[in-house]
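Bear in mind that the values here come from a model prediction, so they are computed numbers and not experimental data.
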Amino acid sequence: MNRLLEIAGGILGLAAFLAVLAWIGYRWLKSSDDPSRLVFHWIISAVIIVGALAFAAGARDPLTKIFAIGVASIGAIVLCAIWGPGLLGALARPLTNMFDGGDQEVDPQPFYSIAESRRKQGKYLEAIAEVRKQLARFPGDFAGMMMLADIQAEHQSDLAGAETTIDRLLAEPGHTPRNVALALNRLADWRLKIGQDPDSAREALERIIQMVPETEQAYLASQRIAHLTTPEMLAEKKEPHRVRLGQYQQNVGLLEEPASVRPPDEDPGAAASGLVKHLETYPEDADARERLALIYAGHYQRLDLAADQLEQLIVQPHAPAKQVAHWLNTLADLRIKYSGDVASARQELQRIVDLFPKSAAAESAKTRIAHLQLEMRAKQKSQVVKLGSYEQNIGLK
């Protein structure tokens, strides 16, 4: 019974060894550059090893054993010749990979340097041909399609062709919001610069909001729409409005004191009225709302209205973190300057820390919180001390 168990155990062990050996051979064969040559080397090695073992097992007298050792030595030299280069290469591969990148396959990438070179030389048709060669290999590549549209619009004034290229590009699935916004913002630029058509430019920017809603790119597109060039501005750019100058001081260089020249003061009331009217049309215009808040605080001394305007900006979804931090810092400034409320200013700065932890804005807010009292003292108006009448000519006594 014990003998049978030993035999069974030996058979299982041999089977396991052969299985592991077969798995290693399969993986080795699969990763080999020349499988047929590898199989040939295996056969030669097996013949040498089996022959050497058989010869050694059959050797009985000393002379035969010496001959068997010589045969085994020759076989070892042949095995070294077969497997030595590969073994040395495997041992040296970690070091050589540091310099040549190893044998890892690199994903193919489009190559636009030739097209860019032709473009800089003014050979636009050749540049387009080179771009199309790369697009034939990499259909829908974003960089290639944008380069093609840019050459069509900027160098050939082919706005229709550029629009078609952008439309084909956006029809491809899988674009990130950033790429969508980049393509449509460029299209808006071309429609303004080449087509002189603000309405078409606005349509391109509105497509950003439609295609990637509730993103930072959509928010930035809405800001640009609010400040888009109007047809009147384009017309004035072609024929600038002439301003008739009035009568000013003559012979300025002969004056005893320098003439003070400064632009006329803006009427805060008229500016506020214009901003309110503008915000009725473009309620998401951050720049206009911030300017209105500053007028409310500085001119009307209505910190509550200013805070309300800034708060509308702060709670906007998808507003850039940098802008939100700027508005909270501005609100803290107003609370210190116009109400001297250090506690409220500290709360506004703490909101930056809570909203954007581990950011540069949060670190700046923490530093400012630590120095708010000093900031408050610096902004307080220093009292003017009136000096009395003192004895003259002290130095002559």
Side-chain angles (χ1 to χ4, degrees), residues 33 97-229 234 318-322:
D33 295 333
N97 286 350
M98 297 172 59
F99 300 97
D100 60 14
D103 55 0
Q104 184 177 2
E105 294 186 4
V106 180
D107 293 335
Q109 299 289 334
F111 186 69
Y112 295 113
S113 60
I114 297 177
E116 186 62 32
S117 176
R118 296 291 183 271
R119 179 184 185 180
K120 291 180 179 179
Q121 295 170 0
K123 301 176 181 179
Y124 304 123
L125 292 178
E126 294 182 16
I128 290 176
E130 291 294 337
V131 173
R132 293 191 186 278
K133 284 181 183 179
Q134 297 299 317
L135 290 176
R137 295 181 57 201
F138 304 93
D141 179 66
F142 182 82
M145 296 290 283
M146 286 302 300
M147 179 179 286
L148 176 60
D150 193 66
I151 295 173
Q152 291 171 326
E154 294 287 347
H155 301 294
Q156 295 184 317
S157 297
D158 183 9
L159 182 57
E163 290 176 344
T164 301
T165 302
I166 294 296
D167 289 338
R168 286 173 52 203
L169 172 63
L170 296 179
E172 297 286 338
H175 289 301
T176 63
R178 182 177 181 181
N179 283 349
V180 171
L182 175 61
L184 289 172
N185 269 294
R186 291 294 290 151
L187 180 57
D189 292 339
W190 296 328
R191 286 177 171 175
L192 281 174
K193 179 180 178 181
I194 302 172
Q196 300 288 302
D197 189 350
D199 293 333
S200 296
R202 180 177 292 104
E203 184 270 335
L205 296 172
E206 288 172 349
R207 284 179 65 185
I208 300 176
I209 301 174
Q210 296 168 3
M211 294 184 68
V212 287
E214 300 182 359
T215 61
E216 182 177 329
Q217 287 72 27
Y219 169 81
L220 295 175
S222 68
Q223 297 301 303
R224 188 177 179 189
I225 289 173
H227 294 272
L228 202 61
T229 304
L234 288 175
H318 311 295
K322 183 178 180 180

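For the pair Met145 and Thr165, the tightest heavy-atom approach, listed with the atom from each and the gap, is O-CG2, 3.4 Å. Nearest heavy atoms, Val212 versus Ala218: O-CB, 3.4 Å. Heavy atoms only, all atoms of each residue included: Leu192 and Pro198 are closest at CD2-CA, 3.7 Å. The minimum heavy-atom distance linking Ile208 with Gln217 is given by the pair CG2-O, 3.8 Å. The shortest heavy-atom contact between Ala149 and Ala162 is O-CB, 3.6 Å. The nearest pair of heavy atoms linking Tyr112 to Met147 is CB-CE, 4.0 Å.
For the side-chain contact (heavy atoms from CB on, under 4.5 Å) with Pro110, the lone residue among Asp141, Val131, Leu135 that qualifies is Asp141.
The distance from atom CD of Glu116 to atom CD of Gln121, rounded to the nearest 0.5 Å, is 10.5 Å. In this structure, CZ in Arg168 is found 7.5 Å from CG in Leu148, a value given to the nearest 0.5 Å. Annotation: the span from Asn179 atom CG to Leu184 atom CG amounts to 11.0 Å, rounded to 0.5 Å. Atoms CD and CG, on Glu163 and Leu187 in that order, are 5.5 Å from each other to the nearest 0.5 Å. Of the inter-residue distances, the one linking Gln134 atom CD with Gln109 atom CD reads 11.0 Å to the nearest 0.5 angstrom. The CD atom of Glu126 sits 11.5 Å away from atom CD1 of Ile151, with the distance rounded to the nearest 0.5 Å.
Of the possible polar contacts, none joining the His175 side chain to the Phe142 backbone as a donor-acceptor pair under 3.5 Å is found. A donor-acceptor pair under 3.5 Å links the side-chain atoms of Arg191 to the main chain of Ser200, judged by distance alone. Thr164 places a side-chain N or O within donor-acceptor distance of the main-chain N or O of Ala160, the cut-off being under 3.5 Å. Remark: the backbone N or O of Asp158 is not paired with any side-chain donor or acceptor of Gln152 at under 3.5 angstrom.
Residues Ile209 and Ile225 have side chains in contact (heavy-atom distance under 4.5 Å, counting atoms from C-beta outward). Contact annotation: the side chain of Arg207 never approaches that of Val180 to less than 4.5 Å [non-hydrogen atoms, C-beta and beyond].
A salt bridge is defined here as a Lys NZ or Arg NE, NH1 or NH2 lying under 4.0 Å from an Asp or Glu carboxylate O, and Arg186 with Glu154 meets this definition.
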